[in-house]
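All chains are named by letter (A, B, ...) in the order of the sequence lines, taking the proteins before the strands, and each is independently numbered beginning at 1. Nothing here was measured: the structure is a model prediction, and the numbers come from that model. These values consider heavy atoms only, across backbone and side chains, with no hydrogens, waters or symmetry-generated copies.
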Protein chains: 2
Amino acid sequence: MTRLPAQNLATAAHRATLADRYAAWRALGFDAARCPVRNVLDHLGSKWSTLLLIALAEKPMRFNALLRDVPDISRRMLTQTLRDLERDGLVSRQVFPTKPPSVEYRLSAMGESVLGPLTALVGWAEQHFPDIEQARARFDGGAAGSAALEGPNDRVALAPVPVRG
Amino acid sequence: MTRLPAQNLATAAHRATLADRYAAWRALGFDAARCPVRNVLDHLGSKWSTLLLIALAEKPMRFNALLRDVPDISRRMLTQTLRDLERDGLVSRQVFPTKPPSVEYRLSAMGESVLGPLTALVGWAEQHFPDIEQARARFDGGAAGSAALEGPNDRVALAPVPVRG
DNA sequence: CCGTATCCGTCCGGATACTG
DNA sequence: CAGTATCCGGACGGATACGG
């Protein structure tokens, strides 16, 4: 009733786009090897890769600089994540034959091209972070806690679904 | 020399945006609990959540429908991922008191709002999937294989970096 | 300085069987 | 139909020590 029509149109468009791709993936047999979501996004969603891409977005950095900059990462995970990113062609590794040797990591052209979509998603995450924390708090303490706060928003079952017509 | 100036400007803007946020996170102590990337994107990047969001983008679905639709997912992971998405407020769960009971999952308003950024990222993944596969192939077999293919593209170390000024 | 190797605990995630 | 419980292998991920 009081919904925003513009927003509905926008999400409807996104729905259609995604539904089409989803159907296409299914048509291709939905092989894990051929599904971009499972092959590409799973890597990007890995614990540290996004953070590293953002760190490298600022400027090229050396190994120990990254180690200091991303506070909780361990040597092992830094090496491993950088290698994964390098393997996917998002980051390039440049060795300077100094003594002691120094290695610099920088975003490749493809790595820079992902910053756009990534920025959008990070922006969404920041914008909705309060809502998400609120939803989590409601969900976690919700069962035992206040039932009166959310009365009319809880959708109740009114029209039973026919069980597999 | 032959770079595209427009693209450089665009990525420069993204760089600046991300660098600012990164600096802001650092200023806040970089606590894991307060970093949207680590708190929100890690969940979205989880193995199945993106796929489920896309599946639910098409239309609301019931448990076993999702189980059939996302071929490789197990009951356990489907339950768990749906609960996580529900906890974050991206998916709502509606129980119909039929016999046997039926449960329908649908995107919440916030869940629909993520489709935009997600579509962008999925689009990027699809667009660059061939390049990524190529990069992987080069990286995996690259060390032993053809060195002549990529001659002038390999950046060599020319100017040694001063070791911590 | 830039990693690799090793050890080791934790959690992810699949298979199966069972309940309401 | 829609889950929960249990088991179990393997991957994730930290700490430490060592090598180039």
Nearest 0.5 Å, what's the [atom1]-[atom2] distance between [X] and [Y]?
X: His14(B); Y: Thr119(A); atom1: NE2; atom2: OG1; answer: 5.0 Å
X: Met77(B); Y: Asp84(B); atom1: CE; atom2: CG; answer: 9.0 Å
X: Thr81(A); Y: Leu52(A); atom1: OG1; atom2: CG; answer: 6.0 Å

Legend entry - Considering all heavy atoms, the nearest Arg62(B)-Glu104(B) contact: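 Looking at all heavy atoms of both residues, the shortest contact is CG-CA, 4.2 Å.
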Starting at atom [atom1] of [X], determine the distance to atom [atom2] of [N], rounded to an integer number of angstrom.
X: Asp72(B); N: dG14(C); atom1: CG; atom2: P; value: 8 Å
X: Leu67(A); N: dC2(C); atom1: CG; atom2: P; value: 9 Å
X: Asp42(B); N: dC12(D); atom1: CG; atom2: P; value: 14 Å
X: Phe96(A); N: dG3(C); atom1: CZ; atom2: P; value: 12 Å
X: Met61(B); N: dG3(D); atom1: CE; atom2: C1'; value: 19 Å
X: Ile73(B); N: dA2(D); atom1: CD1; atom2: P; value: 14 Å

Inset, instruction - Please determine, for the side chain of Pro100(B), which listed nucleotide (dC1(D), dA2(D), dC2(C)) has the closest atom? - result: dC1(D)
Legend entry - Among dC1(C), dG14(D), dG3(C), the one nearest Arg62(A) by side-chain distance: dC1(C)
Legend entry - Tyr105(B) side chain near dC1(D) phosphate (N/O to OP1/OP2, under 4.0 Å):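 No, because none of the side-chain N or O atoms of Tyr105(B) sits under 4.0 Å from OP1 or OP2 of dC1(D).
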Legend entry - Phosphate-side-chain proximity, Lys99(B) and dA2(D), N/O vs OP1/OP2 below 4.0 Å: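 For dA2(D), neither OP1 nor OP2 has a side-chain N or O of Lys99(B) closer than 4.0 Å.
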Legend entry - All pairs passing side chain to side chain donor-acceptor pair (under 3.5 Å) where residues 40-50 of chain A contributes a residue, at least two apart: His43(A)-Asp88(A), His43(A)-Arg136(B)
Legend entry - ring pair (Phe, Tyr, Trp, His ring centres under 6.0 Å) pairs, two or more places apart, involving residues 105-124 of chain B: Trp124(B)-His128(B)
Inset, instruction - Mind running a 4.0 Å heavy-atom check of residues 77-88 of chain A against DNA chain C and sending the residues that fall below it, in number order? - result: Thr79(A), Arg83(A)
Inset, instruction - Indicate yes or no for a side-chain donor-acceptor contact from Ser108(A) to the backbone of Leu90(A) under 3.5 Å, with no hydrogens or angles considered. - result: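 Flag set: sc Ser108(A) to bb Leu90(A) pair under 3.5 Å.
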Inset, instruction - Take Pro101(A) and Arg75(A), find for each the nucleotide of DNA chain D with the closest heavy atom, and name the residue whose nucleotide sits nearer the 5' end. - result: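 Taking each residue's closest nucleotide, the earlier one in sequence belongs to Arg75(A).
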Inset, instruction - Would you kindly compare Ala65(A) and Arg76(B) by the position of their nearest DNA chain C nucleotide and give the one closer to the 5′ end? - result: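 Nearest nucleotide further toward 5': that of Ala65(A).
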